[in-house]
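Some notes on the structure that comes next.
Residue numbers begin at 1 in each chain, while the letters A, B, ... track the order of the sequences.
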Number of protein chains: 2
Amino acid sequence: MSKPSLTPARSKRVGSQLTPEAIIEASLRIAARGSADAFTVRRLGEELGTDPTAIYRHFRDKDELLLSVADRTLGEVLDSIPPGLDWQDRLRALAHASLAVALKYPAVSSAMASRTTRRANEFRIVELILGAVTEAGLDGVDAAVHYRMVGDSLLAYVGQRAAYLLFDPEVRAADESSWTREYRLVDAHGFPHITRLGQELAEVTHDQIYHARVEALITAIERRAQAVRGA
Amino acid sequence: MSKPSLTPARSKRVGSQLTPEAIIEASLRIAARGSADAFTVRRLGEELGTDPTAIYRHFRDKDELLLSVADRTLGEVLDSIPPGLDWQDRLRALAHASLAVALKYPAVSSAMASRTTRRANEFRIVELILGAVTEAGLDGVDAAVHYRMVGDSLLAYVGQRAAYLLFDPEVRAADESSWTREYRLVDAHGFPHITRLGQELAEVTHDQIYHARVEALITAIERRAQAVRGA
DNA sequence: ACCTGAACACCGTTCAAGT
DNA sequence: ACCTGAACACCGTTCAAGT
């Protein structure tokens, strides 16, 4: 990672001021490098060609910057959801886009798994989910609770996947191989199910789990809507 | 946090050696203090009355210690699941116990949300979930995928709740109040659903969301079992 | 064989000093 | 008004030195 000889890092900073916009974009570039490049204040200074502490002139602290950066990634999620879908496919498209963006910017998504940006694009996603559960037939408390179920679950899922991407390669390798190593060595009498399903457990894919988790949310909404209609 | 005058911190370390056991127990005591006391190597040294680096004689690194500590907390989860429940109630009891233990040791649960301990108590929990989905009527790939759906979802959920507990009080306060502040100020024409459901969104409880998320998992298993029986 | 403690390579953030 | 850079209070981990 030694500097190339021409420009310091990116824009020359030709007398021009640093802007929140430029800081957010530099953050996205760093985050997009995944585990290869930690998203730190010092690294951000390098990327911007300024002193690391210069960002404190534009953001109160790193957390406030993170919220702004995260809301920008939510914009990317929204942009990739096509119009004209029914509520189920709208939620499927949201899940798909959320995962893609989370894997693109793992440091951001991982840090946001328990958080709220409280910014413009988050409002739009909330409105989108509320529209979906409303179209499904829910209202009032039911709509609010099922919105939170969907929103929190998606956030948790993509955050879980993103965090995994950020671990040391050797930690990840050890976790990944557990189904073909530690779990294959368990006592057959004490653990009959693990023994019987060893092969299948080792071969489960992220895609299968993703599908099961997303469809479980949709089914739950359909179920509740049916119960409400029946009453 | 100045030392009291009598004993250094806990056991006197009366010539006796440090043991993995003592290190794990000290870790659990620190983790149980929540955000009041960060789970760091230096803090662990204080708690044990030894030099912080002494633990490297017993664990390769902090991650390996974390896995051992986490597996101990899984033992607490297992101990609080009563016998004799049908598969649905067994999963409900597992979810309930997992959340309770995660909120008791937030630093551990938060760090484990994307991880595997690959140790004894984890094997027992996997066996428990596989037993439940088998009793529900699933087998082979279906059993494996639905086990992962349940296991990963519970881990993500309790990790999400635990991580939230560890944030600065002011960060948490800002996130919590968003439903009564930022979300109440959105434009009514651009965000009709948020506007209409503002009150309900602000009043949703953790309990309601937890219930919806856990029941969604159980329903998904029931659904798949019905589909398999029908074929 | 195990523990100590200095040291290293990192973090986020503050604040006086520069322009 | 904004950026710089030294400094502070932290991290996890290594390694030579002690016992």
Side-chain angles (χ1 to χ4, degrees), chain A residues 1-2 8-23 26-27 30-31 33 35-69 107-108 110-111 115 166-171, chain B residues 1-3 8-24 26-27 30-31 33 35-69 107-108 110-111 115 166-171:
Chain A
M1 283 292 163
S2 61
R10 183 82 179 187
S11 70
K12 291 230 71 139
R13 189 129 321 290
V14 282
S16 74
Q17 318 284 90
L18 213 49
T19 61
E21 191 60 21
I23 296 171
S27 301
I30 294 170
R33 288 182 211 128
S35 62
D37 219 338
F39 177 31
T40 67
V41 173
R42 279 167 180 81
R43 189 70 197 77
L44 194 48
E46 276 184 60
E47 183 73 21
L48 289 163
T50 67
D51 189 90
T53 64
I55 65 154
Y56 288 94
R57 234 47 52 192
H58 299 91
F59 294 94
R60 190 163 51 81
D61 53 25
K62 200 192 173 191
D63 190 65
E64 206 196 290
L65 168 59
L66 174 71
L67 296 182
S68 295
V69 171
V108 176
S110 164
R115 303 295 302 286
L166 294 176
F167 287 123
D168 291 352
E170 63 180 80
V171 165
Chain B
M1 281 291 166
S2 60
K3 291 212 182 70
R10 184 81 180 186
S11 70
K12 289 230 72 136
R13 189 128 324 287
V14 281
S16 73
Q17 314 286 92
L18 213 47
T19 61
E21 190 61 20
I23 295 171
I24 291 171
S27 301
I30 294 170
R33 288 182 210 128
S35 62
D37 218 338
F39 176 32
T40 67
V41 173
R42 279 168 178 81
R43 190 68 196 81
L44 193 48
E46 274 184 65
E47 182 73 21
L48 290 162
T50 67
D51 190 89
T53 66
I55 66 152
Y56 289 93
R57 236 48 51 192
H58 299 92
F59 294 93
R60 189 162 53 77
D61 53 24
K62 199 192 172 187
D63 190 66
E64 207 195 290
L65 168 59
L66 174 69
L67 296 182
S68 296
V69 172
V108 176
S110 165
R115 303 295 304 285
L166 295 175
F167 288 122
D168 291 352
E170 63 180 80
V171 165

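Here D:dG12 is the nucleotide among D:dG12, C:dT13, C:dC2 with the atom lying nearest to any side-chain atom of B:K62. Among the nucleotides D:dT4, D:dC11, D:dC15, the one closest to the side chain of B:R57 is D:dC15. Of the candidate nucleotides D:dC2, C:dT13, C:dT4, C:dT4 has the atom nearest to the side chain of B:A54.
Side-chain atoms of B:T53 stay outside donor-acceptor range of the base of D:dG12, with no qualifying N/O pair under 3.5 Å.
To the nearest 0.5 Å, the span separating CZ on A:R43 from CG on A:L48 amounts to 10.0 Å. Note that CG of B:D63 is 8.0 Å distant from CG of A:D168, once rounded to the nearest 0.5 Å.
For B:Q17 and C:dT4, the CD to C1' distance is 14 Å, given to the nearest whole Å. What separates CZ of B:R43 from C1' of D:dC11 is a distance of 15 Å, to the nearest Å. Following rounding to the nearest Å, B:E64 (CD) and D:dG12 (C1') show an atom-to-atom distance of 15 Å. Going from atom CD of A:E46 over to atom P of D:dT4 covers 14 Å, rounded to whole Å. In this entry the distance linking CG of A:L48 with C1' of D:dC3 reads 12 Å, nearest Å. The nearest whole Å value for the distance from the CG atom in B:L44 to the P atom in D:dC11 is 12 Å. Separating the CD1 atom of B:I55 from the C1' atom of C:dT4 is a distance of 14 Å, rounded to the nearest angstrom. Summarising the geometry, the separation between NE2 on A:H58 and P on D:dT4 is reported as 11 Å, rounded to the nearest angstrom.
The partner of C:dC8, taking Watson-Crick or G-U wobble pairs whose two distances both stay under 3.5 Å, is D:dG12. Across all strands shown, C:dC2 is found opposite D:dG18 as a Watson-Crick or G-U wobble partner, with both distances under 3.5 Å.
When side chains are defined from C-beta on, B:T53 does not count as touching B:V41, because their heavy atoms never get closer than 4.5 Å.
At least one donor-acceptor pair under 3.5 Å links the side chain of B:H58 to the backbone N or O of B:L18.
Remark: of the listed residues B:L66, B:L65, B:V108, B:L65 is the sole one forming a side-chain contact (heavy atoms from CB on, under 4.5 Å) with B:S27.
Of the two residues near DNA chain C, B:R42 and A:V41, the one whose nearest nucleotide lies more 5' is B:R42. Two residues, A:D51 and A:A38, neighbour DNA chain C, and the one matched to the more 5' nucleotide by heavy-atom proximity is A:A38.
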